[in-house]
Asker: 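First the structure, which I've put down as structure tokens, then a few questions once you've had a look.
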Amino acid sequence: MPAQFDPAATEPRWAKTWFEEPFRADATSAKPPFTIVIPPPNVTGNLHLGHALDNTLIDTLIRHKRMAGYEVLYLPGMDHAGIATQMKVEQGLREEGKTRHDLGREAFLERVWAWKTQSGGTILEQLRRLGVSADWTRERFTMDAGLSKAVRHQFVRLYHEGLAYRGERMVNWDPVAQTTLSDLEIDRENRKGKMYTVSYSLEDSSLAASNGAAGEILIATVRPETIFADQAIAVHPEDKRFQHLVGQKARIPLTDHLIPIIADEAVEMDFGVGALKITPAHALTDFEVGERHGLKHPSVIDLHGHLTSDLVPEAFRGLERFAARKAVVAALQESGALIQEQDHTTAIGLSERSKAPVEPVISLQWFVNVKPLAQQALTGLEQGEITLTPERYTKVNRDWLENIRDWNISRQLWWGHQIPAWYDEEGRIYVPDAQNPDLDCDLDPRYQHLNLQRDPDVFDTWFSSNLWPFSTLGWPDEGNEDYSKFYPTQVLVTGYDILFFWVARMEMAGYGLTGKPPFETVMLHGLYLDSKGQKMSKSKNNGIDPLDLFDQYGVDACRFAFASLSTGGQDIKHDPRRFEQGRNFANKLWNATRFVKMRLSEVAQDLPLQDPFTPYIRTAAQMPTEASERSQSLLLLLVQQHQDKLSLADRWIISRLNAVTEQVSADLASYDIGAAIRGLYAFTWDEYCDWYLEAAKPNMSAQNTGTLVTLKLVLEHILKLLHPFMPFVTSELYESLGHRRQLAVHSWPLPDSVLHDAEATHAFDTLRSAVASARSLKNELGLSPQDRLNVAVLGEHAALVQDNTRTVEGIAKVKLVPALEGRTLSQVAPGVTVLAPLEGTVDLADWLGKQKKRLAELDKQINQAEGKLSNEGFVARAPAEVIEEEQRRIKEFGAQKERLEEVLKQF
RNA sequence: AGAACCGUAGCUCAGGGGUAGAGCACUACCUUGACACGGUAGGGGUCAGGGGUUCAAAUCCCCUCGGUUCUACCA
């Protein structure tokens, strides 16, 4: 066994095993289900740290539950990412000098599928490196037949319930991708621009607005190129400056068009010049104002972002919107209508995919009225059917469901689920019957006399990923085994940044279509930020590739870092030191095992150290009830069989292990994965390796069967507890200890109060104090570790130390003697004072300084405790345990103080 | 404009009414038969500031300052 753990030599074999012989979920099992569906990444995507974090947390929960005896399903898959995928394939076509229209819809889609088969989905391969224990036989894709059927059923149902409708509304248009977008596919970005003050002349030149000269009214705008589509000028109804002008008319500059001046509450009096132009076709708020005032909404910008329409003076027609802005500004300036131009920062909406500024347009699209669906989800949330952790996100979830707007679900793309709606020559809509949703209307015998054309558009990708928790399990076939067994799912793990669009939509779809919550618990984690605390983005080029981290530190180390950095949904700032810590920890574990194996093979070849329950695998009938588990507890068995042969250290580590087992299980139950791994790290390193292994060293002859068995079983127990977090190294080590079945299918240890041993814990703590004191003295005396120093022990627990002479001498590398002659250097600790002969070159002043500091500290603690106890309120109101603790502290610190003063008398 | 989170050792972060913690960094010593990706002994903090509640506040409440994020946006 090499002296260093080499992840590269270990990981590929296990990753391959877990992919080729996946952990298949058995829908017919009698075990209780535990289901997590992966948040499906884009088929175009690469693994980023968010995915790695998600899936580390998921796999940790999953591996734990599998070991704990649940029928576990971890369902992997991807979504088809409508726009992203289509743009990717179109990019390829462009390089061949073609467009998708050259191929036609059918050939284009064949090409997309070919791309998907060949180069899509690398992300799932990357995920395998992470060691996820997914059921790869159940991998799903949102464009699969089954999931497509689910989408179709969803639409048909919503249509017949009156919730899906077609209408003319203002939508977000991506002029590059040539499709509508939902609000959530838009990134807001603050950009520097200009705000223009423009003069509109009043029809009645005898009037004046107080913000301009006679005969004019000034308005402010950032989009002067849209003035040709203006339908009104709006002012606030209570704005005294303009009240006399309401109902009057003004002329759009560069044209002869007159528009009314209206009053609307949406206007902010204090902003700009107090008046603004209303352009209902080109801004959402303007559209809403227009609706209130019965304005028309002519458009002057076409779907490619060019100025068009008879309303536009010929000079500007055909200009691209940003070129048009320059031209219009120049013309306004020339005509004297441009009064002012000032710098102004506006939040501009950019298409998430094409990065083009989004153009609000009025268009005929399919929408879903989500209010009733949101209401059902809200009710479920209120009733606690879904729990969010951290709990504070419940409010965010609720706010989102309460304020949700109608959802534009149609996209002008080819890649996606084509909308199952047909139109006749008069534009009437035909949608399949609710009873027979799979029958296309143009194949429906009832409609053969009509010339039906199918809607060419496809659904928003979210209109399929909202079904993911149940479409992947066979819905709409609710009699399906998988659906019956594994739905609703238990946990959803994702970043809080997509609480809004994905989580809320799954909740609505779950309640609306299955009548059940899609998941019981939503576990939200924070964003993974770069080391400066900034969000990673392509534009900033500050992304960190998890695959590089895997290479550099090993996957277990990365999983350790992800797990230990994740606390309470806080954002995670990248810190390489945490990955080093994980790497070092994996190595520590490796070497602890190496040590145990070496010693056991030297000393104990004949000992019956085989785990008596290997290959014991818990079956359905043996669900972990407390009673059945007890009889199976290896540690309990160990304690029973070797009771007389256990050393103090053995008893101590078993008691501590039991406490840690209990704590880790509790942490996992409350989804506090960070606390769980931090606790395991501390126990493994600081207690098992630093103290127990050292204490065991002098006790490892063949007669010490208690220690030899403890050594091995505690190690195996640690490997089990760590397995969900660091599956590679633990599987490898467990196997190397002689187990034939892989660690992942062994059972999760349960704590047992019988193993709690307070006496051993206190006693061993005293030994630790004695050892630490002896080491400290050796340090003061400038001795090297191998020098055997004679030390004597005084104090309340001196006898205990003497009873464990071999252990203390072995760990501290000292020689315990009954007493010392002459001057001594001493170290006072709880329960014991350790003395060493004062010889050689010692910096006495330094040592005395430290002792005085220590004395002052003791005094401070004693005074604090006495202060509390002399406070009547404290004695009257504090709990009895707290009062006893203070009394104990006075006694303990008092004893130490006494001993310390005794020691200092010599000087 | 609303909402939430954060401010603890030099750095990155745990803790979350009753004794201030970890990793890294720092100082000194140690290549001792598991591990230098290691070991031992140390140094280092008025828990952002101010009020309040309480017998007791780093922890709960309020305010201020600083930082971050989300949502909505003002032409």
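These figures come from a predicted structure and were not determined experimentally. Letters A, B, ... are given to chains in the order of the sequence lines, protein chains preceding strands, and every chain is numbered from 1.
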Asker: Mind checking the P distance from rA9(B) to rG23(B)? Whole angstroms is fine.
Answerer: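 Result for the P pair: 16 Å, nearest Å.
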
Asker: Kindly indicate whether the side chain of E580(A) and the base of rC37(B) share any N or O donor-acceptor pair separated by less than 3.5 Å?
Answerer: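 Per atom types, no contact qualifies.
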
Asker: Distance check needed: rA34(B) C1' versus L600(A) CG, whole Å only.
Answerer: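 Rounded to the whole Å, the gap is 12 Å.
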
Asker: Do you know which of R854(A), K897(A), Q864(A) makes side-chain hydrogen bond (donor to acceptor under 3.5 Å, both in side chains) with D859(A)?
Answerer: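 Per the side-chain hydrogen bond (donor to acceptor under 3.5 Å, both in side chains) rule, the option paired with D859(A) is K897(A), out of R854(A), K897(A), Q864(A).
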
Asker: Mind calculating the distance between CE (M1(A)) and P (rG33(B)) to the nearest angstrom?
Answerer: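 Atom CE in M1(A) sits about 19 Å away from atom P in rG33(B).
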
Asker: Round to a whole Å and report the spacing from CG of N779(A) to C1' of rU27(B).
Answerer: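 The answer, rounded to whole Å, is 11 Å.
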
Asker: Considering only NZ, NE, NH1 and NH2 on the basic side and carboxylate oxygens on the acidic side, decide whether R888(A) and E885(A) come within less than 4.0 Å.
Answerer: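 E885(A) and R888(A): salt-bridged.
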
Asker: Can you see if the side chain of R577(A) gets near the phosphate of rU12(B) - specifically, an N or O under 4.0 Å from OP1 or OP2?
Answerer: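 Indeed not, no polar side-chain atom of R577(A) lies that close.
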
Asker: Taking atom P in both rU12(B) and rG42(B), compute the distance separating them and give it to the nearest angstrom.
Answerer: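 28 Å, rounded to whole Å.
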
Asker: For the pair made of CG in D787(A) and P in rG39(B), what is the distance, rounded to whole Å?
Answerer: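 The distance from CG of D787(A) to P of rG39(B) comes to 21 Å, rounded to the nearest Å.
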
Asker: On a whole-Å scale, what distance lies between the C1' atoms belonging to rG50(B) and rC55(B)?
Answerer: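 Between the two C1' atoms, the distance is 23 Å.
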
Asker: With salt bridge (charged side-chain N to carboxylate O under 4.0 Å, His left out) as the test, pick out the partner of D575(A) among R577(A), R578(A), K573(A).
Answerer: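 Among the candidates, only R577(A) passes.
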
Asker: In terms of side-chain heavy atoms of E694(A), which of rU19(B), rA34(B), rC5(B) is nearest?
Answerer: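 The closest nucleotide is rA34(B).
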
Asker: Within this structure, what is the CE-to-C1' distance between M700(A) and rG33(B), rounded to whole angstrom?
Answerer: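 After rounding, the reported distance stands at 11 Å.
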
Asker: Write down the distance separating the P atoms in rU27(B) and rA4(B), rounded off to the nearest Å.
Answerer: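 Between the two P atoms, the distance is 45 Å.
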
Asker: Please tell me which of the listed nucleotides, rU54(B), rC35(B), rG39(B), lies nearest to the side chain of D690(A)?
Answerer: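 Looking only at heavy atoms from C-beta outward on D690(A), the closest nucleotide is rG39(B).
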
Asker: Under a 3.5 Å cut-off on both pairing distances, which runs of 3 or more consecutive Watson-Crick or G-U pairs involve RNA chain B?
Answerer: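 Paired runs of 3+ in RNA chain B: B:1-7 with B:65-71, B:10-13 with B:21-24, B:26-30 with B:38-42, B:48-52 with B:60-64.
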
Asker: Atom NE2 of H574(A) to atom P of rC11(B): distance rounded to whole Å?
Answerer: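 In whole Å, rC11(B) P and H574(A) NE2 are 19 Å from each other.
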
Asker: Just to confirm, is there a sub-4.0 Å distance from OP1 or OP2 of rG44(B) to any side-chain nitrogen or oxygen of K853(A)?
Answerer: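 Yes, because at least one side-chain N or O of K853(A) sits under 4.0 Å from OP1 or OP2 of rG44(B).
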
Asker: Is the shortest distance from a Lys or Arg side-chain nitrogen in E780(A) or K850(A) to a carboxylate oxygen in the other one below 4.0 Å?
Answerer: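 Answer for the salt bridge query: yes.
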
Asker: In whole Å, I'd like the distance from the CG atom of L693(A) to the P atom of rU40(B).
Answerer: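 Nearest whole value for this atom pair: 12 Å.
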
Asker: Between R578(A) (CZ) and rC11(B) (C1'), how many Å, whole number?
Answerer: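 Atom-to-atom, R578(A) to rC11(B), this comes out as 11 Å.
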
Asker: Counting only side-chain heavy atoms from C-beta out, which of rG38(B), rA3(B), rA22(B) sits nearest to K395(A)?
Answerer: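 Of rG38(B), rA3(B), rA22(B), rA3(B) is nearest to the side chain of K395(A).
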
Asker: Using a strict cut-off of less than 4.0 Å between a Lys/Arg side-chain nitrogen and an Asp/Glu carboxylate oxygen, indicate whether E288(A) and R292(A) qualify as a salt bridge.
Answerer: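 R292(A) and E288(A): not salt-bridged.
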
Asker: Give me the distance, rounded to whole Å, that separates rG15(B) from rA56(B) when you measure between the P atoms they each carry.
Answerer: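 Here rG15(B) and rA56(B) have their P atoms 26 Å from each other.
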
Asker: Might you confirm whether atom NZ of K697(A) has over 12 heavy atoms from other residues, nucleotides or ligands at distances under 6.0 Å?
Answerer: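 Yes, the 6.0 Å shell around NZ holds more than 12 heavy atoms from other groups.
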
Asker: Is the distance from the ring center of H525(A) to that of Y496(A) below 6.0 Å?
Answerer: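 They do not qualify: ring centres at least 6.0 Å apart.
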
Asker: Hey, does Y681(A) reach any base, or is it just sugar-phosphate, or nothing, if we go heavy atoms under 4.0 Å?
Answerer: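 Sugar-phosphate: the residue Y681(A), judged by heavy atoms under 4.0 Å, touches backbone atoms but no base.
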
Asker: Of N871(A) and Q827(A), whose closest RNA chain B nucleotide lies nearer the 5' terminus?
Answerer: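 Checking each residue's closest nucleotide, the 5'-ward one belongs to Q827(A).
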
Asker: Between E359(A) and R223(A), does any NZ, NE, NH1 or NH2 come within less than 4.0 Å of an OD or OE carboxylate oxygen?
Answerer: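 Between E359(A) and R223(A) there is a salt bridge, with a charged N closer than 4.0 Å to a carboxylate O.
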
Asker: Roughly how many Å apart are rC26(B) and rG51(B), using the P atom of each and rounding to a whole number?
Answerer: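 Roughly 39 Å separates the two P atoms.
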
Asker: Return no unless some side-chain N or O of K573(A) is found under 4.0 Å from OP1 or OP2 of rC6(B).
Answerer: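 No, because none of the side-chain N or O atoms of K573(A) sits under 4.0 Å from OP1 or OP2 of rC6(B).
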
Asker: Identify which nucleotide among rU31(B), rG23(B), rC35(B) has an atom closest to any side-chain atom of Q786(A), counting heavy atoms from C-beta outward.
Answerer: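 So the side chain of Q786(A) is nearest to rU31(B).
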
Asker: Distance check: side-chain N/O of Q570(A) vs OP1/OP2 of rC5(B), anything under 4.0 Å?
Answerer: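 No, outside the criterion.
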
Asker: May I ask you to check whether F725(A) and F560(A) place their ring centres under 6.0 Å from each other?
Answerer: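 No; F725(A) has its ring centre 6.0 Å or more from that of F560(A).
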
Asker: Do other residues, nucleotides or ligands put more than 12 heavy atoms under 6.0 Å from the CD atom of Q342(A)?
Answerer: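 Yes, CD of Q342(A) has more than 12 neighbouring heavy atoms, counting only those of other groups under 6.0 Å.
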
Asker: Does S784(A) make a side-chain N or O approach to OP1 or OP2 of rC30(B) shorter than 4.0 Å?
Answerer: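 Looking at the OP1 and OP2 atoms of rC30(B), neither is under 4.0 Å from any side-chain N or O of S784(A).
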
Asker: Please check the phosphate of rU40(B) (OP1 and OP2 only) for any side-chain N or O of W691(A) closer than 4.0 Å.
Answerer: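 For W691(A), the contact criterion (side-chain N or O under 4.0 Å from OP1 or OP2 of rU40(B)) is not met.
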
Asker: What's R877(A) touching, base or sugar-phosphate or nothing? Going by heavy atoms closer than 4.0 Å.
Answerer: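 R877(A): base contact, heavy atoms under 4.0 Å.
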
Asker: When you compare rG45(B) with rC60(B), how far apart are their P atoms, in angstrom units rounded to a whole number?
Answerer: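 Nearest-Å result for rG45(B) against rC60(B) at atom P: 24 Å.
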
Asker: Counting just side-chain N and O atoms, does N591(A) come under 4.0 Å of either OP1 or OP2 of rG38(B)?
Answerer: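 Negative; the distance criterion is not met.
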
Asker: Reckon R594(A) has a side-chain N or O less than 4.0 Å from the OP1 or OP2 of rA34(B)?
Answerer: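 Answer is no, no contact under 4.0 Å.
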
Asker: R775(A) near the nucleic acid: base, sugar-phosphate alone, or nothing, with a heavy-atom cut-off under 4.0 Å?
Answerer: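 R775(A): backbone/sugar contact only, no base atoms under 4.0 Å.
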
Asker: If you compare all heavy atoms of A586(A) against all heavy atoms of M726(A), which two are closest, and at what distance to 0.1 Å?
Answerer: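 Scanning both residues, the minimum pair turns out to be CB-CE, 4.0 Å.
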
Asker: Which of these nucleotides, rA34(B), rU19(B), rA22(B), is closest to any side-chain atom of R889(A)?
Answerer: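 So the nucleotide nearest the side chain must be rU19(B).
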
Asker: Determine, for K778(A) against D787(A), whether the closest basic-nitrogen to carboxylate-oxygen distance falls under 4.0 angstrom.
Answerer: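 Salt bridge flag = no for D787(A) with K778(A).
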
Asker: Tell me whether the side-chain N/O atoms of K588(A) come closer than 4.0 Å to OP1 or OP2 in rG39(B).
Answerer: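 Affirmative; the distance criterion is met.
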
Asker: Using the C1' atom as the reference point in each nucleotide, state the distance between rU31(B) and rU46(B) in Å, no decimals.
Answerer: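 One C1' to the other, the span is 43 Å.
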
Asker: Sugar-phosphate means primed atoms, P, OP1 and OP2; the rest is base. With that split, encode nucleotides 65-75 of chain B 5' to 3' as B, S or - using protein heavy atoms under 4.0 Å.
Answerer: ----SS--BBB

Asker: With sugar-phosphate meaning primed atoms plus P, OP1 and OP2, does A878(A) contact a base, only sugar-phosphate, or nothing at under 4.0 Å between heavy atoms?
Answerer: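 Base contact - A878(A) has a heavy atom under 4.0 Å of at least one base atom.
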
Asker: Would you say the rings of F562(A) and F579(A) are close, in the sense that their centroids are separated by under 6.0 Å?
Answerer: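 Aromatic pair counts; centres sit under 6.0 Å.
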
